[in-house]
Amino acid sequence: MFKTKKTLSFVLCISLILMTFSVCGLSASAEDTVAPVPLDVPQVHIVTSDGNGLQLKKADGYTDAAVTVTDTDGTEISGEAQVKIRGNSTSNLNKKPYTVKFSKKLDVLGMGKAKKWALLANAFDSTQLRNFVGVGIAAELGLDYTSEQRIVEVWMDGSFRGCYHLIEPVQEGSTRVDIDIESNGGMNDFLIEREYNRVEEGATYFRTNGIRFVCNEPEEPTGEQLAYIQGTMDDIIETLKSGSREEIEQKIDVASFAKYYLLNEFIKPVDFDYSSVFFYYKGGKLYAGPAWDYDLSMGNEDAEASVNYAAAQKTDGFYCNTKHLYQWLCGYRWFFDEVRGVYLDHRDYLDSIGAQGGVIDTLYQTYRAAIDRNFTDAKWRIVYYKNFNRMPDSTYRENLDYFKSWCAGRAAWLKSTFIGDDTPCIFGDADGDGDVTVLDATVIQRVLALLPVQKYIEAVADTDGDGEVTILDATAIRLYLVNGLSDTGIGKPKP
């Protein structure tokens, strides 16, 4: 009897356990039918073939991987790919940027089919937003072939790497920079990049009028192709130096050059005369752009690093008008007027970037959770890299406020400089700040000592009306400041 009761109890226990597992199984099955919680940003999962993704170095080149990209609605694409560390100075930082090259073209997050994609880490930028804002300005200005971009989160071999910037790299392609590099023996269209002194294996460099470029497309030009590219650039620059407006307009797309100038003059990237500055030749004309690489811009520069970095960090002053092709183009008043026209068309947007509730605030509110996880879950710190980024403030909020304040200050300078308030030019106001001071005499002296005279300076700095800017004009300004008098109209509006 005892054994029977014991057996019965055992059967009942087993039955209860089985019922419990059955109920649990039904519950799990029911949960499986519930729609997944939407993601706030897309996710990129990279699994390398040897599981060594976290130890990758730039010198390693590409390694095989499987990559899955999941959009915020849960849809995903995946494919075989190769992954490598990208970038130059950024490739040495702890938070690595990556290039992902799929084995076949894939439409990633609706940005068009392509094999190659860039994942920018933005390690220099404590706000994680400068690259996104810079490329966004290019899109607002209507620069052709501006890269599409998304804020995403990245996992490398199962390790959460935080907030990244997924963007189309600058390259030839029907969904990228749509140029023809195949016909006419490859001597047709091309894509080049300003490259001051960097040397990379396999790259092809050339100089024209003292300006060094690297040939991006075609990637490996023949000797004949390179001679064609260099000859074309030689001809364009000679026209920029001395041609009429009509002649220049036959050689370059003035609209793209004006938009690209305004973009870079607003954000003041330290690399503007060094690298990441692109030009493409298409259909017999040279175009400026596309936009690229703005983590060290908009005030995020170590002012102690160099004179160039110090100038870039300031919210006032011209920055791009004496660099590479613009050293000649900005010498023409008509080009300055073209830039002013672009500015007036987009002034409201530029003013809104750093405004309360404007572009930066909106981006932060949209991506706040992902940015927070970059510092909490991925455990990245706000870091100062000497000779690169500005010494950051201690909190994210402080760095964001500085970013906003800088953009607001720069927008105010643009307003006065591009005559957004329709203030007329002033005779003698060589630095364009709206007043005649001893700094204007200094500007003239520096121009005479270091730089070719630029025509928009000449228009207001030729105080004695002899047709050229000389030391006598600087002297005339100094006398005006002492006496408050001028027979030539210094200090008065120029009609």
*Asks:* Looking at E219, I want to see if its CD is surrounded by more than 12 non-hydrogen atoms of other residues, nucleotides or ligands under 6.0 Å.
*Replies:* no
*Asks:* For salt bridge (Lys or Arg N to Asp or Glu O under 4.0 Å), just list the numbers for R390 and D393, CA-CA rounded to whole Å, side-chain angles, deciding distance to a tenth of an Å, and then say yes or no.
*Replies:* CA-CA 9 Å; R390 162 187 174 267; D393 297 303; 2.9 Å; yes
*Asks:* Please list, chain by chain and in numerical order, all residues satisfying side chain to side chain contact (heavy atoms under 4.5 Å, CB included) with D316, sequence neighbours excluded.
*Replies:* K314, W413
*Asks:* Test the R212-Y205 pair against the cation-pi criterion, namely NZ or CZ under 6.0 angstrom from the six-membered ring centroid and within 45° of the ring axis.
*Replies:* yes
*Asks:* Report the distance from atom OG of S174 to atom CD1 of I179, rounding to the nearest 0.5 Å.
*Replies:* 12.0 Å
*Asks:* Restricting to salt bridge (Lys or Arg N to Asp or Glu O under 4.0 Å), what partner residues turn up for D125, sequence neighbours left out?
*Replies:* R130
*Asks:* Could you list the residues that satisfy side chain to side chain contact (heavy atoms under 4.5 Å, CB included) with N92, not counting sequence neighbours?
*Replies:* none
*Asks:* Salt bridge or not between E338 and R245? Use side-chain N to carboxylate O under 4.0 Å.
*Replies:* yes
*Asks:* Between F190 and K282, is there a cation-pi geometry (under 6.0 Å to ring centre, at most 45° from the normal)?
*Replies:* no
*Asks:* How many angstroms lie between atom NZ of K259 and atom NE2 of H346, to the nearest 0.5 angstrom?
*Replies:* 6.5 Å
*Asks:* Check for me whether the distance between the ring centres of F266 and Y343 falls short of 6.0 Å.
*Replies:* no
*Asks:* Can a cation-pi geometry be assigned to R340 and F335, taking NZ or CZ under 6.0 Å from the six-membered ring centre and within 45° of the ring axis?
*Replies:* no
*Asks:* Would you find more than 12 non-hydrogen atoms of other residues, nucleotides or ligands less than 6.0 Å from E76 atom CD?
*Replies:* yes
*Asks:* Tell me, with the steps shown, if Y145 and Y280 meet ring pair (Phe, Tyr, Trp, His ring centres under 6.0 Å).
*Replies:* CA-CA 10 Å; Y145 308 131; Y280 62 94; 5.4 Å; yes
*Asks:* Do the two ring centres, one from H324 and one from F272, sit under 6.0 Å apart?
*Replies:* yes
*Asks:* Describe, in one word, how the ring planes of W155 and F160 are oriented to each other, choosing from parallel (under 30°), tilted (30 to 60°) and perpendicular (over 60°).
*Replies:* tilted
*Asks:* Is the Y396-Y364 ring centre distance short of 6.0 angstrom?
*Replies:* yes
*Asks:* Taking the six-membered ring of Y62 as reference, does the cationic atom of K101 (NZ for Lys, CZ for Arg) lie under 6.0 Å from its centre and within 45° of its axis?
*Replies:* yes
*Asks:* Do the numbers put R176 on top of the ring of W117, so that NZ or CZ is under 6.0 Å from the six-membered ring centre and no more than 45° off the axis?
*Replies:* yes
*Asks:* Does a salt bridge link K386 with D302, judged by any charged N lying under 4.0 Å from a carboxylate O?
*Replies:* no
*Asks:* Aromatic contact between F375 and W380, with the criterion being ring centroids under 6.0 Å apart: yes or no?
*Replies:* no
*Asks:* Out of F318, F336, Y319, Y261, which residue meets the ring pair (Phe, Tyr, Trp, His ring centres under 6.0 Å) rule with Y326?
*Replies:* Y261
*Asks:* Ring-plane angle category for Y260 and F279, please: parallel below 30°, perpendicular beyond 60°, tilted otherwise.
*Replies:* perpendicular
